[in-house]
Amino acid sequence: MKKKSTKKTLLGIVISLCIILLVVGLFLFHRFVGKTKMNDDFVNGNSGGNLYNAGLFCEYDGTLYFSNPDDNGRLYAMDMNGDNLRKLCNDKVMYINADENYLYYVRNNSVQNASEDYPYFAYNNNSLCRIDHDGQNTKILDRDPCIYASLSGNYLYYLHYDTETATTLYRVCIDGSEKEQVLPYYIFTCCMVGPKFYYNNPNDGSLYSFDTRNHTSTQVLACNCYRPITTDGTNFIYQNVEDNFTLTSQNTISQDPLTLGSDSADVFTVAGDKIFYQKFDEEQPGLYSMNLDGSNVTKIAPGTYSNLHTTSKALYFKEYFTGEFHYVSLSNPTEVKLFHPGKLEDKK
């Protein structure tokens, strides 16, 4: 009887130890492995020019993350030279942001093409998501319709839609917590530089900064601008509303605006010392480049293009009427090539 009792006691101890180890293991996994990795500073997830143009391309640490036009806009990655193509998930994506640990994007599953210029909000299809760089562990940060997402440190600022308040400015922590309305109206969050983003005031067009550390707005330049772009918070390029949307340069030191040529710009972006823009002209539209001071205006391609995106190597753009994507090397921006990276099987 004593032997049987001893065996039962040992068995009970072993089972208890196994249960304890399992619980501790699950706790440690959740505490350390499953815990969101936070950023140490106000890292930004993509350039202002790219995010104004729907955020379909995003370069990070030698990898290009993009909405693949060959696969209905699904999320892909490849090396900057086009090698090592891989599908990360089956979502159609836009407003891609990246930091050291994650990718962030807005699902665009409600429309047929992730490069639509004016996508419509739709519940459960335009959710704000986070995913690992290798395409694992998708996490929904906001299930409501979202658009124009931009990363500032450990928070995403974006436009949120619901039936009660319509479109307003929201933020959410990258771990999915602290989702809250920031402003009861919408402003563009695209041009994020460190802890601040720059936007045109919807009332009078003046250029403002919004500080994400204390949620305060400050006028930067008295002008009537649209979609300003800056990389340093001092020198700005914007479309001048009062001058037929011509591109204008202005800085916070002299505050004297400089008109960059006479072309009206439909869309534009900035990369290094170059500005790329779509010239509005009913007779002879075209995609052009110029220097930051407006000199050396060069036609890249005749026709109408949208969704201008830049990386350290190339300019990507969409032909407006056909939906075809093209690209040019920044070192030789007159040699236009079709962008067809290929299509891979759906992720299981």
Side-chain angles (χ1 to χ4, degrees), residues 47-57 67 69 73 94 108 111-120 147-148 188 190-191 199-202 204-207 223-229 236-250 257-271 273-310 314-330 332-340:
S47 69
N50 286 353
L51 291 174
Y52 279 131
N53 284 277
L56 306 178
F57 294 80
S67 172
M94 59 199 318
N108 195 28
V111 297
Q112 288 195 338
N113 192 324
S115 61
E116 290 288 335
D117 298 303
Y118 302 103
Y120 296 98
I147 202 171
Y148 286 114
F188 290 122
C190 302
C191 189
Y199 65 97
N200 51 280
N201 186 301
D204 62 6
S206 295
L207 201 159
C223 55
N224 193 351
C225 70
Y226 187 61
R227 296 191 170 187
I229 291 178
F236 294 86
I237 307 289
Y238 58 81
Q239 293 165 277
N240 190 337
V241 177
E242 294 182 346
D243 191 18
N244 197 29
F245 286 84
T246 54
L247 294 174
T248 299
S249 173
Q250 194 171 1
L258 172 66
T259 301
L260 306 176
S262 59
D263 293 338
S264 175
D266 282 333
V267 292
F268 80 103
T269 190
V270 180
D273 60 356
K274 291 289 185 181
I275 302 170
F276 299 94
Y277 68 96
Q278 171 62 37
K279 175 184 176 180
F280 172 78
D281 189 312
E282 292 183 353
E283 299 293 331
Q284 294 181 320
L287 181 64
Y288 286 79
S289 69
M290 68 166 77
N291 294 336
L292 293 179
D293 61 1
S295 64
N296 194 27
V297 176
T298 303
K299 180 186 283 187
I300 296 173
T304 304
Y305 302 91
S306 62
N307 298 109
L308 313 185
H309 292 75
T310 57
L315 167 72
Y316 297 87
F317 49 97
K318 185 187 78 170
E319 193 168 355
Y320 186 80
F321 295 105
T322 67
E324 286 274 15
F325 265 85
H326 305 260
Y327 72 101
V328 293
S329 168
L330 294 186
N332 184 17
T334 58
E335 185 180 353
V336 179
K337 300 178 181 178
L338 284 170
F339 180 61
H340 285 298

Mind checking whether T248 and D243 have side chains closer than 4.5 Å, heavy atoms only?
no

Between V270 and L292, is there a side-chain heavy-atom distance shorter than 4.5 Å?
yes

Please check if the side chain of N53 supplies one atom and the backbone of L308 the other of a donor-acceptor pair under 3.5 Å.
yes

For the atom pair OG (S249) and CG (N240), what is the distance rounded to the nearest 0.5 Å?
11.5 Å

Does Q278 reach the main-chain N or O of G303 with its side chain, forming a donor-acceptor pair under 3.5 Å?
yes

Can you tell me how far the CG atom of L51 sits from the NE2 atom of H309, to the nearest 0.5 Å?
7.5 Å

I would like to know whether N291 and K274 meet side chain to side chain contact (heavy atoms under 4.5 Å, CB included); could you show each step before the answer?
CA-CA 5 Å; N291 294 336; K274 291 289 185 181; 2.8 Å; yes

In short, N307 meets A54 closest at the heavy-atom pair ND2-CB, 3.7 Å

Has S67 got a side-chain atom pairing as donor or acceptor with G73's backbone, closer than 3.5 angstrom?
yes

Any idea which heavy atoms bring L247 and I275 closest together, and the distance?
CD1-CG2, 3.7 Å

What distance separates Y305 OH from E324 CD, expressed to the nearest 0.5 Å?
10.5 Å

Of all heavy-atom pairs linking I300 and S289, the shortest is CD1-CB, 4.1 Å

If only atom types and distance count, is the side chain of Y52 paired as donor or acceptor with the main-chain N or O of P228 below 3.5 Å?
yes

Distance check, rounded to the nearest 0.5 Å: N200 atom CG versus L207 atom CG?
7.5 Å

So, is the end of the R227 side chain (NZ or CZ) under 6.0 Å from the ring centre of F268 and within 45° of the ring's axis?
no

How close do V297 and Y288 get, heavy atom to heavy atom, and via which atoms?
CG1-CD2, 3.8 Å

Within this structure, what is the CG-CG distance for the pair D266 and D281, rounded to the nearest 0.5 Å?
10.0 Å

Check for a donor-acceptor pair, side chain of D204 on one end and backbone N or O of S206 on the other, with a separation under 3.5 Å.
yes

To check you understand the geometry: which heavy-atom pair defines the closest contact between C223 and Q250, and what is its length?
CB-OE1, 3.9 Å

Below 30° counts as parallel, above 60° as perpendicular, anything between as tilted: where do the rings of H326 and F317 land?
parallel

Look up atom CG in N50 and atom OG1 in T310, then write down how far apart they are to the nearest 0.5 Å.
4.5 Å

Minimum-distance pair of heavy atoms, taken over all atoms of L260 and G294:
CD2-N, 3.7 Å

Examine distances only and state if a side-chain atom of T304 and a backbone atom of Y320 form a donor-acceptor pair shorter than 3.5 Å.
no

Walk me through whether D263 and Y277 qualify under side-chain hydrogen bond (donor to acceptor under 3.5 Å, both in side chains).
CA-CA 9 Å; D263 293 338; Y277 68 96; 2.6 Å; yes

Measuring centre to centre across the rings, with the benzene-like ring taken for any Trp, is F280 within less than 6.0 Å of F245?
no

Relative to the ring of F57, is the ring of F325 parallel (under 30°), tilted (30 to 60°) or perpendicular (over 60°)?
tilted

Quick one about N332 and S329 (side-chain donor to acceptor, distance below 3.5 Å, no hydrogens or angles considered), yes or no?
no

